[in-house]
Amino acid sequence: MFEEKPQSLQQRVTDLAAEALQSGQPATWFEPLYQQAQGDTGQVPWAKLEPHPYLQEWLEVEAIQGKGQSVLVIGCGLGDDAELLAKLGFKVTAFDVAPTAIAWCQQRFPNSSVDYQVADLFKLPQSWQQRFDLVVEIRDIQALPLSVRTDVIKAVASPVAVAGTLFIVTRIRDHGTIPDGPPWPLSDQELAQLHELGLKEHDRVQFTVSEQPEVRQVRLVYQRITA
Ligand SMILES: C[S@@+](CC[C@H](N)C(=O)[O-])C[C@H]1O[C@@H](n2cnc3c(N)ncnc32)[C@H](O)[C@@H]1O
């Protein structure tokens, strides 16, 4: 989730996340962070103003075309991944729990075909259950603590249609280690929950970032085998 960033921003993220955790509502730190940024994307640690390179690479390598396909972008942030998918012809729904992020997307992309919505991953509309051909989640599971991990993974899997695809970008950690997040990388044992939910791992590519060799990131592709 967080690449390199100034110490003061890192501290603000840590403080906001700690406060949210203490309140027992771990997803409540995002809206204040977007609000406090006051339109300055430099104050949003994950904002790169371009689609995530691992998503771009996968779409190119697999020569994926979106015509006639629906995609749900989870925790869409400032909208760059959603916009890339729309350009490829997908019918895109993109949501975020932070209203300021969604307003920002609408302001950045006023002529977009993307259906941007404020929604909470923990309370997804019933009509989204197993409805999307492709579900894209980039750095969102790891943005929420281990205390809600089982629920988050269940929620991420739920909109994937039968025979549909789930695309994930996340940091990973060794099983048995307790991360000091945010971010809170995933373990293979946590990812195994997706198998129990009817999804099968289809592809995995691991990346390391030269400036942060201790960080392991993966691009994962799952397919829903059973309802
Ligand atoms: C680390 S950011 C990643 C944003 C984007 N996916 C990216 O890679 O640039 C995590 C995003 O998830 C959103 N988020 C966190 N909890 C959420 C929830 N319960 N429901 C929907 N979105 C959530 C945050 O507001 C934030 O935009």
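For ligands, and for the atoms within them, numbers begin at 1 and follow the listed sequence.
- Between the side chain of R224 and the main chain of L166, no donor-acceptor pair closer than 3.5 Å is present.
- Proximity annotation for atom 8 (O) of ligand 1: of E137, K123, R139, R139 comes nearest, heavy atoms only.
- Of the heavy atoms in A119, only backbone atoms (N, CA, C, O) come closer than 4.0 Å to ligand 1.
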Derivation and outcome, side-chain contact (heavy atoms from CB on, under 4.5 Å), residues V97 and E31: CA-CA 8 Å; V97 74; E31 175 58 15; over 6 Å; no

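- The distance from ligand 1 to the heavy atoms of G77 drops below 4.0 Å at these ligand atoms: 27 (O).
- In terms of polar-atom proximity, A98 is not counted as a contact of ligand 1, lacking any N or O under 3.5 Å from an N or O of the ligand.
- The ligand atoms of ligand 1 that sit less than 4.0 angstrom from a heavy atom of D120 are 18 (C), 19 (N), 20 (N).
- Taking both residues in full, the closest heavy atoms of D96 and G77 are given as OD2-N, 3.0 Å, listed atom of the first, atom of the second, then distance.
- Applying the side chain to side chain donor-acceptor pair (under 3.5 Å) rule to pairs touching residues 74-92 yields D80-R108, E83-S112, E83-Y116, sequence neighbours excluded.
- F30 places none of its side-chain heavy atoms less than 4.5 Å from the side chain of T100.
- Those atoms of ligand 1 that come under 4.0 Å of a heavy atom in F122, given as number and element, are 19 (N).
- Listed by number with element, the atoms of ligand 1 under 4.0 angstrom from any heavy atom of L121 are 18 (C), 19 (N), 20 (N), 21 (C).
- Across W46, F30, Y34, heavy-atom proximity to atom 27 (O) of ligand 1 is greatest for Y34.
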Can you check side chain to side chain donor-acceptor pair (under 3.5 Å) on Q193 and R149, steps first, answer last? CA-CA 10 Å; Q193 192 191 334; R149 181 123 309 165; over 6 Å; no

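- In this structure D174 satisfies the side chain to side chain donor-acceptor pair (under 3.5 Å) test together with R216, sequence neighbours excluded.
- The shortest N/O to N/O separation between V97 and ligand 1 falls below 3.5 Å.
- A 4.5 Å side-chain heavy-atom check between F95 and L124 finds at least one atom pair inside the cut-off.
- With ligand atoms numbered from 1 in the order given, ligand 1 contributes 16 (N), 19 (N) to contacts under 4.0 Å with heavy atoms of A27.
- Residue L144 places no N or O, backbone or side chain, under 3.5 Å from any N or O of ligand 1.
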